[in-house]
Amino acid sequence: MCGIVGYIGKREAYPIILNGLKRLEYRGYDSAGIALYDGSGIQLCKTQGKVSDLEQKVSSHINTTGSLGIGHTRWATHGVPNDINSHPHYSNSGNLVIIHNGIIENYASIKKELLKRGYTFQSDTDTEVLVNLIEEVKKQEDVKLGKAVQIALNQVVGAYAIAVFDKNKPDEIVVAKLGSPLAIGIGEDEFFVASDATPFIEFTNNAIYLEDEEMAIIRLGREVRVRKLKNDKLVDPYIQELKLNLEQIEKGGYDHFMLKEIYEQPSVIKDTYRGRLLAKKGIVKLGGLEDHIQKFVNANRIIIVACGTSWHAGLVAEYIFEDWARVPVEVEYASEFRYRNPIITEKDVVIAISQSGETADTLAAIKLAKQKGAFVYGVCNVVGSTISRETHSGTYTHAGPEIGVASTKAFTTQITVLTMIALRLAKEKGTISQSNYMKHLHELELIPDHVGEALKSDEKIQAIAKVFKDAANFLYLGRGYNFPVALEGALKLKEISYIHAEGYPAAEMKHGPIALIDEQMPVVVIAVNSNHYEKVVSNIEEIKARKGKIIAVVTEGDTTVKELADYIMEVPKTVESLSPLVTTIPLQLLSYHIAVMLGKNVDQPRNLAKSVTVE
Ligand code: F6R
């Protein structure tokens, strides 16, 4: 977690860094700080709170001139969020200043050693230990900053993306990474450093994404030198051309990124299948899949690893793959899988799903699966992310930057990709009839229109949100393909409104949760046309009999549930297997409106961060 930004060049560094931090605030937002070189020394300002709090503090505390600087927005790991624990951190001499995203696991033993050597510490952070280790190495070995960073990092266990500079050498920034992302923007006589490319997209389209265990010395007037931390080998860095544009990372007239991203779904789902799904011709073609389709065909089993919302997309995929491609699927929380000594063989295909492509647990699960010989396929959104590079092959979701912390368009585009993979595989294996295959291709092509239709109920959903915004608890129920949607609906509500919500398979309710139901309990039931429709209707009756309040997601034109439910949210008709792509829309809107009505910070809910790069 945490976002880091740096600049060295000819422009004023402060506005670039401040703007960059605002764009990276999705990565953490409990404190923020900045360090600028003003021509004679370091101007440092940091504070608990958001980047806007930093901006206010800076205006009365420091001189903001200077063309070299670094900034940080924090998601606390070591030490509570307060001014002192915020980054940047000075070394004891005051010469070095550092920002860090990650965790130094062996910081305690290093700190002990440094304390013996007379170092003192202001903060509780692992980062302050690291900058002093670099200082100590620099002094003891009598080496330049770059070398000192390299030697120090070889003594460190953990994860990091760091940027550090020395006030006595204000023409360079040294950066390094292991496990946390770090991009270097290459401009004309200027360089940018950031956790992702969004802070510098209006200045340059050229970026180097450092690989794990690489460092770079970024010096004015010279090409960026990238080295391997372990063996000191110089690396010829690949300069990637970025396709991002500024519009994609701005709110575009919406009140929140989350709402913008909910409304983008018709177009991004189309982007996801564009050029890959040719429904009329009966073709699904995914670049990353074609060369490896036999791995999938011959797989004994597919194991899906992911976290959070991406895990829910994996659960939907389990139904799809088993239904059409007749292959056993297991869906695993990456955080459990990685520590469970799981049985994985070379005949397994592992699919890792991750919006950010940086989730630490998912990454660790991938590494484990690769060690055990499995073929690992990635479904990621962020192009060039660590997971997209660590997997053997994969498919991007093409959802564009998702900035709201609560995942929305990532979920539906992940399901779109997984649906295409399953259809392609089923076709290859001959486990789906031609008519069924063609029908699903056609239905998938219609999904963006259906999502657009579902969005038209926004006002109605807003009115429902008003009725239930003060409820203390919610229950979400669904069956079959829509059980994962119930889980996702509950997660959306709890993460942005802080209302307790549980998702359950509707039939499972009788085995415990039904005890919770009384007249105070809103129960959101996904009751669209499906094989389980009658059963879900019975479940609704059971809730009604116990005076629960029913908010039902129904297929347009439904009459049975309409009569039973207290409130309905209609969605267009599609095939059951694709229904999660539309039933999830009203649930996203419901949680969004409840959170807004409760005055919560929808885009930056408390305690969360967009990419979870710590385990
Ligand atoms: C919830 C949410 C999280 C993420 C999870 C995995 O709205 O966004 O649950 O889905 O942290 O993140 P990725 O997909 O980036 O691996």
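Computation of the quantities below employed the complete heavy-atom set of this structure, encompassing side-chain atoms and omitting hydrogens, waters and symmetry-equivalent molecules. Bear in mind the structure is a predicted one, so any value in this text is a computation, not a measurement. Both ligands and their constituent atoms are indexed starting at 1 by order of listing.
- Of the candidates Val379, Thr309, Ile387, Ile353, Thr309 brings a heavy atom nearest to atom 3 (C) of ligand 1.
- Note that Lys600 lies outside the cation-pi zone of Tyr498, set by a 6.0 Å cut-off to the ring centre and a 45° limit from the axis.
- Using a non-hydrogen distance threshold of 4.0 Å, Val405 registers as a contact of ligand 1.
- Residue Glu495 has at least one heavy-atom neighbour below 4.0 Å for each of these atoms of ligand 1: 1 (C), 7 (O).
- For Thr408, the side-chain hydrogen bond (donor to acceptor under 3.5 Å, both in side chains) criterion is met by no residue, not counting sequence neighbours.
- Rounded to the nearest 0.5 Å, atoms CZ (Phe337) and CD1 (Ile344) are 3.5 Å apart.
- Residue Gly308 approaches ligand 1 through these ligand atoms, each under 4.0 Å from one of its heavy atoms: 9 (O), 10 (O).
- The distance from ligand 1 to the heavy atoms of Lys492 drops below 4.0 Å at these ligand atoms: 1 (C), 7 (O).
- Between His392 and Phe375, the angle of the ring planes stays under 30°, which puts this pair in the parallel group of the 30/60° scheme.
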Subject >> Evaluation steps, side-chain hydrogen bond (donor to acceptor under 3.5 Å, both in side chains), between Arg74 and His100 >> reply: CA-CA 9 Å; Arg74 182 168 187 246; His100 167 215; over 6 Å; no

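- Sorted by first and then second residue, the salt bridge (charged side-chain N to carboxylate O under 4.0 Å, His left out) pairs involving residues 395-414 (not counting sequence neighbours) are Glu264-Lys409, Glu402-Lys610.
- For atom 11 (O) of ligand 1, the closest non-hydrogen atom of the protein is Val612 CG2, 3.9 Å.
- The aromatic rings of Tyr567 and Phe468 sit perpendicular to each other, their planes meeting at more than 60°, with 30° as the lower class boundary.
- Atom CG of residue Leu368 and atom OH of residue Tyr339 lie 10.5 Å apart, to the nearest 0.5 angstrom.
- Looking at Ser407 next to ligand 1, an N or O pair under 3.5 Å apart turns up.
- Counting heavy atoms closer than 4.0 Å to ligand 1, residue Glu358 contributes nothing at all.
- When each atom of ligand 1 is checked for a heavy atom of Ala406 under 4.0 Å away, the hits are 7 (O).
- Atom NZ of Lys260 sits in a crowded spot, with more than 12 heavy atoms from other residues, nucleotides or ligands closer than 6.0 Å.
- Among all protein heavy atoms, the one lying closest to atom 12 (O) of ligand 1 is Thr359 OG1, 3.4 Å.
- From the protein, the heavy atom lying nearest to atom 6 (C) of ligand 1 is Cys307 O, 3.3 Å.
- Numbered from 1 in the order shown, with element, the atoms of ligand 1 that lie under 4.0 Å from a heavy atom of Ser310 read 10 (O), 13 (P), 14 (O).
- Ligand-side atoms of ligand 1 in range of Ser354: 13 (P), 14 (O), 15 (O), 16 (O), range being under 4.0 angstrom from any heavy atom.
- Remark: ligand 1 and Ser356 share an N or O pair separated by less than 3.5 Å (distance only, no angle test).
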